**Student:** 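Supplied in structure tokens, the structure appears directly below.
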Amino acid sequence: MDRTVFKLPFTRGAATRYQCPSCSKGGLVIVEDSFSSKETKASRDMHDHPAWGPEYYGSIYSGILECSNAACKEVVSSSGYGWDEEEHFYDEDGNPDCDYVSYFRPVVFHPHLRPFPLPKGLPEDVEKEINKSFSLIFTDPPSSANHIRIALEHLLTYLKVKRFTTNNGKRYYLSLHKRIDILPAKYDGIKDIFLAVKWLGNAGSHSNHNVTLDDVLDSYELTIELLDEIFSKKRKQAQSLAKKINKRKGPK
Ligand SMILES: [Zn+2]
């Protein structure tokens, strides 16, 4: 996963780094006549300030982006905010000059981006939570991290880790931490990854912790490892079973 895609702003007239959420092959390109930006009130109100300069300029934008893959051409709407930055360069005669460049940072994409591909065979409830996380990545990083934590709960259920215990005939739900602890030994190699994603998600559900976009991206990188370990192992087991059946040309 290329983290810079989510961290860097974009400019008009240049290709964006965003990948198409439908085909995952094309890049998203701004449809020029759909794109507009306007200065915010806070920025306008600053004009009379003695220290005002173009670097205090602030705007909002909205626009449509289109997939560059001719076989797809999916359209995605986006909105967010913008600002200007001074850029220094040398003119044709080699004299130093400067100009202001407008940068934009997205807050929303609809349909949402897909920061990493999901493996085949992923349970529907896990997929749903990961997609919720994707849809909140820019607007609400703490909630985004928390949805990955919920995806882990579903993933543990899929791995047949029990959800509750009984004591004196009463049912008690097991904490996520406890459930990770009782993962079968064959998953020992990924227990630490499970725990790390849990901590990031926990922080997202408690308002006294500040969860940033970087934390969400960390949890995505860990989740990619987890899913790869779990689903590629299952795929390998299925491939080896298929090989045996094919060699026998039938059941045992
Ligand atoms: Zn596409």
Side-chain angles (χ1 to χ4, degrees), residues 1-38 59-83 101-141 143-148 150-152 154-155 158 197 212-232 234-235:
M1 188 180 66
D2 179 5
R3 295 170 78 111
T4 57
V5 171
F6 307 94
K7 302 202 69 183
L8 293 178
F10 66 88
T11 55
R12 269 176 98 154
T16 74
R17 293 176 173 79
Y18 310 117
Q19 197 181 46
C20 171
S22 284
C23 70
S24 300
K25 287 178 190 147
L28 295 179
V29 180
I30 298 166
V31 177
E32 247 336 286
D33 60 3
S34 77
F35 193 94
S36 68
S37 71
K38 278 221 161 208
S59 67
I60 53 160
Y61 82 82
S62 78
I64 291 172
L65 296 97
E66 191 178 63
C67 174
S68 62
N69 175 4
C72 174
K73 293 254 170 206
E74 177 63 288
V75 281
V76 173
S77 73
S78 178
S79 63
Y81 59 93
W83 69 96
V101 178
S102 297
Y103 287 96
F104 300 97
R105 201 179 280 285
V107 175
V108 176
F109 283 100
H110 181 75
H112 61 75
L113 301 180
R114 298 180 184 279
F116 59 87
L118 302 180
K120 275 197 183 107
L122 190 67
E124 206 175 301
D125 48 7
V126 179
E127 184 176 336
K128 206 169 135 191
E129 291 301 327
I130 294 177
N131 276 322
K132 271 188 196 164
S133 172
F134 288 167
S135 72
L136 294 166
I137 179 170
F138 297 112
T139 42
D140 191 351
S143 297
S144 181
N146 194 36
H147 281 291
I148 291 293
I150 301 169
L152 287 198
H154 293 315
L155 201 54
Y158 169 75
V197 182
T212 63
L213 176 62
D214 262 315
D215 297 321
V216 177
L217 295 174
D218 281 346
S219 81
Y220 286 177
E221 282 185 346
L222 295 166
T223 303
I224 291 168
E225 288 300 313
L226 274 185
L227 296 180
D228 185 56
E229 180 67 23
I230 295 166
F231 291 90
S232 70
K234 285 206 178 287
R235 207 165 34 242

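Counting starts at 1 for both ligands and their atoms, in listed order. Everything numeric in this text was worked out from a predicted model, so none of it was measured. This chain uses plain numbering: 1 for the first residue, then up along the sequence.
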**Student:** Indicate yes or no: does Asp218 engage Arg3 in a salt bridge with an N to O separation below 4.0 Å.
**Tutor:** yes
**Student:** Please check if the side chain of Arg12 supplies one atom and the backbone of Ser102 the other of a donor-acceptor pair under 3.5 Å.
**Tutor:**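 Checked: no pair found.
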**Student:** If we count only N and O atoms by modelled type, under 3.5 Å, do the side chains of Asp215 and Thr212 hold a donor and an acceptor together?
**Tutor:**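 Indeed, the side chains of Asp215 and Thr212 share at least one donor-acceptor pair under 3.5 Å.
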**Student:** With ring pair (Phe, Tyr, Trp, His ring centres under 6.0 Å) as the criterion, how do Phe6 and Tyr18 come out once you've worked through the C-alpha distance, each side chain's angles and the decisive distance to 0.1 Å?
**Tutor:** CA-CA 8 Å; Phe6 307 94; Tyr18 310 117; 7.5 Å; no
**Student:** Looking at side-chain heavy atoms only, is the closest gap between Pro106 and Tyr61 below 4.5 Å?
**Tutor:**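 Contact flag for Pro106/Tyr61 side chains = yes.
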**Student:** Look at the rings of Phe104 and Phe35 and say which category their plane angle falls in: under 30° parallel, 30 to 60° tilted, over 60° perpendicular.
**Tutor:**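 If you compare the ring of Phe104 with that of Phe35, the planes turn out perpendicular.
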**Student:** Check which protein N, O or S atoms are less than 2.8 Å from the Zn ion (ligand 1) and report how many there are.
**Tutor:** 4
